Amino acid sequence: MENILNYYYNLIIKKIDEVDDSYYIYTDDGLYILNKLIIEVSELERIINYLNNTKEPYHLLVLNKDKELFTLIEEERYVLFKVRCDLNKEINPLLFSSYILNGDYNWSDVWSKRIDYYETQLNEVVNEVNVFYAMNYYIGLTENAISYYNYLIDMYGSSELIYGVSHRRITSPIKAISYYNPANMIIDLNVRDIAEYIKMSFFEDILTDSEILTIVNNLNFNNIMANMFLVRLIYPSYFFNLYDQYIESREVNKKMFLYMKKSHEYESLITKIYSRLSIKNDIKAYMWIFKVQR
């Protein structure tokens, strides 16, 4: 990797650390991050062009020696960024929620394909019994989230959906180094970040139910976006991310079992959030959607 980076980017490297799906590259000139490019080039360019008109210290894209945006490494597209944010900065999960762009990301299509893949895979490769039965529960939740999403689109249409710059992955607490990385950004419904932050804050025991409900009390949505926020909370991305790691490594992360144990508590939290949202918005969900999974 060091030779590749030197050849394509003329970097003199002091140290490289592989962190999750990224490479942290330390040089005398500062810190760089090399990432696989997951989204389309046109979407990355659109996000960067938008952020250029803000004051956000997002990581700067570095073109390779051929003046190209990405570099092919072992048949995968990689992009390099120079870090310029304060790595210790405390991030508000609503920071990017006002950065509005036109979009058409369809959760129903994406999630349907994902669970079709999981259902095919379960009988073939999952040997851990607890993981197998847990996945059936989470697939059921996803099917309910898909039905809820489709119902909302049928009822409201898509004209009042609000899209913007969001993130593929959100941690709690939020880490500036991943938050400001354009390779971690996506154009999606602008409730995505806050919903994912709440899920991770709950399952990682970062925030109490009371603290989460305080956040919810201060959110302002139109009716369809309030419902989409609830849809996103129901969708179990937190468990699917761990399942994907399990399939890749064949090792069960102990967090999977911790998350499973907290499923009843999370259902209770969702019910409380439903009640809070219903004060200001017309919420179309029925809270029995959890019970049918038991």
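Computed from a predicted model, the values in this text were never measured in an experiment. Atom set for the values below is all heavy atoms of this structure, side chains included, hydrogens, waters and symmetry mates excluded.
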Mind checking whether [X] and [Y] have ring centres under 6.0 Å apart?
| X | Y | answer |
| --- | --- | --- |
| Phe221 | Phe229 | yes |
| Tyr151 | Tyr156 | no |
| Phe203 | Tyr259 | yes |
| Phe70 | Tyr78 | no |

Might you confirm whether atom NZ of Lys113 has over 12 heavy atoms from other residues, nucleotides or ligands at distances under 6.0 Å?
no
Roughly how far apart are [X] [atom1] and [Y] [atom2], rounded to 0.5 Å?
| X | Y | atom1 | atom2 | value |
| --- | --- | --- | --- | --- |
| Leu161 | Asp104 | CG | CG | 10.5 Å |
| Lys65 | Tyr8 | NZ | OH | 6.0 Å |
| Asn217 | Arg276 | CG | CZ | 4.5 Å |

Electrostatic pair Lys262:Asp205 at N-O distance under 4.0 angstrom:
yes
Is any side-chain N of the basic residue among Lys255 and Glu204 closer than 4.0 Å to the acidic one's carboxylate O?
yes
Kindly write out the residues that satisfy salt bridge (Lys or Arg N to Asp or Glu O under 4.0 Å) with Lys14, not counting sequence neighbours, or none if the list is empty.
Asp28
Applying side chain to side chain contact (heavy atoms under 4.5 Å, CB included), name anything that partners Ile16, two or more places apart in sequence or on another chain.
Met1, Glu2, Leu5, Ile13, Tyr23, Ile25
When you compare the side chains of [X] and [Y], does any donor N or O come within less than 3.5 Å of an acceptor on the partner?
| X | Y | value |
| --- | --- | --- |
| Glu56 | Tyr180 | yes |
| Asn35 | Asn181 | yes |
| Asn184 | Tyr179 | no |

Quick one: side-chain hydrogen bond (donor to acceptor under 3.5 Å, both in side chains) partners of Ser108, sequence neighbours excluded?
Asn150
Whether Tyr118 and Tyr243 hold their rings parallel, tilted or perpendicular, with breakpoints at 30° and 60°
perpendicular
Parallel, tilted or perpendicular: ring planes of Trp107 versus Trp111, cut at 30 and 60 degrees
parallel
Looking only at heavy atoms, which two atoms of Asp188 and Arg232 are closest? And how far apart?
OD2-NH1, 4.0 Å
Please say yes or no: joined through hydrophobic side-chain contacts below 4.5 Å, possibly via intermediate residues, are Leu51 and Val62 part of one cluster?
no
